4 protein chains.
Amino acid sequence: MKARVHVTLKNGVLDPQGKAIGHALGSLGFSGVGEVRQGKFIEIEIAESDAAKAKAQVKDMCEKLLANTVIEDYRIDVDA
Amino acid sequence: MKARVHVTLKNGVLDPQGKAIGHALGSLGFSGVGEVRQGKFIEIEIAESDAAKAKAQVKDMCEKLLANTVIEDYRIDVDA
Amino acid sequence: MKARVHVTLKNGVLDPQGKAIGHALGSLGFSGVGEVRQGKFIEIEIAESDAAKAKAQVKDMCEKLLANTVIEDYRIDVDA
Amino acid sequence: MKARVHVTLKNGVLDPQGKAIGHALGSLGFSGVGEVRQGKFIEIEIAESDAAKAKAQVKDMCEKLLANTVIEDYRIDVDA
């Protein structure tokens with residue numbers, strides 16, 4: 001089973017990388033670009049075949065390793 | 001309209017960050033963890049309200065700025 | 001002139017990436033590995049030829065774009 | 001002993017992140033900005049007290065985990 005995790009900065013946490021991209025897009029001539037935010041996307045192959053258990057396991061991974069939950073949110077998707 | 005872009009390393013391109021996470025998960029006691037890959041996730045607010053046009057615009061952003069298409073793939077989703 | 005900027009997480013800010021590397025090194029058999037921290041390293045070519053002025057300019061870049069000074073520190077080196 | 005590792009993209013490998021920063025600096029009004037490249041900076045506490053041995057150990061870490069040597073270079077510094 002494959003789990004997909006999005007780790008994103010919480011609202012209100014300044015994102016220099018996203019800001020750089022936003023400015024760069026404007027300077028390259030793209031108009032109408034508003035806020036840009038950059039996060040991480042992590043794909044994990046796990047042996048667990050029960051979706052609910054897999055999700056619980058990956059939630060534990062996020063809390064223990066993948067995210068800094070003080071400044072970051074995470075979202076987990078597992079294959080049905 | 002919001003566009004969401006996933007930039008991931010192409011298959012076959014070694015991913016040290018993903019590898020580190022994979023090993024770390026094993027060392028933290030998570031069993032059954034296979035390959036781990038880490039990519040970038042970029043959210044972009046764009047003024048364009050036509051989904052097809054928005055997607056074309058973001059594709060152009062990917063080719064010109066967001067991805068290194070020699071080693072990275074990208075996937076674009078726009079709100080319906 | 002070339003400026004080199006190190007952007008690092010402040011002490012006390014949890015660093016999931018560094019933690020993953022630390023655990024991975026242990027799991028790969030490296031012993032005696034203590035804390036690991038991961039930051040960014042940015043090299044910037046600037047036209048300014050006066051070192052003090054170049055440094056001031058890059059400090060301004062750090063404050064305005066390169067670092068999130070709430071959670072990150074930065075250090076600037078310019079060629080003599 | 002503390003080891004400091006710089007992992008940078010090889011010359012010739014396109015660096016979207018660095019490019020974004022370069023464009024963004026221009027758009028923020030900084031003039032005279034040339035090429036910008038972004039790499040990683042990793043600090044590792046190691047128990048080894050012999051500088052040569054520490055460096056050899058960290059070189060091994062770079063080859064096995066920290067860098068993708070196909071597209072990245074690394075540089076190691078250890079405290080004297």
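Chain identifiers are assigned alphabetically (A, B, ...) following the order of the sequence lines, protein sequences preceding nucleic acid strands; residue numbering begins at 1 within each chain. Computed from a prediction, not measured in an experiment: that's the story for all the values here.
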- Task: Residue by residue, scan residues 13-34 of chain B and write down, ordered by number, those that have a heavy-atom distance under 4.5 Å to chain C; if none do, write 'none'.
- Result: Q17(B), A20(B), I21(B), H23(B), A24(B), S27(B), L28(B)
- Query: Taking the side chain as C-beta and beyond, is there a heavy-atom pair between K10(B) and D73(B) under 4.5 Å?
  - Reply: yes
- Heavy-atom closest pair (E48(B) atom, Q57(B) atom, distance to 0.1 Å) is CB-OE1, 3.7 Å
- Do D77(B) and K2(B) pass the side-chain contact (heavy atoms from CB on, under 4.5 Å) test, and can you show the C-alpha distance, the side-chain angles, and the key distance before you say yes or no? CA-CA 8 Å; D77(B) 300 288; K2(B) 196 174 239 185; over 6 Å; no
- When every non-hydrogen atom of E63(B) is compared with those of T69(B), the smallest separation belongs to OE1-CG2, 3.9 Å
- Message: So, applying side-chain contact (heavy atoms from CB on, under 4.5 Å) with I42(C), which one of V58(C), I76(C), L66(C) is it?
- Response: L66(C)
- Message: The criterion is salt bridge (Lys or Arg N to Asp or Glu O under 4.0 Å); which residues satisfy it with K59(C), sequence neighbours excluded?
- Response: none
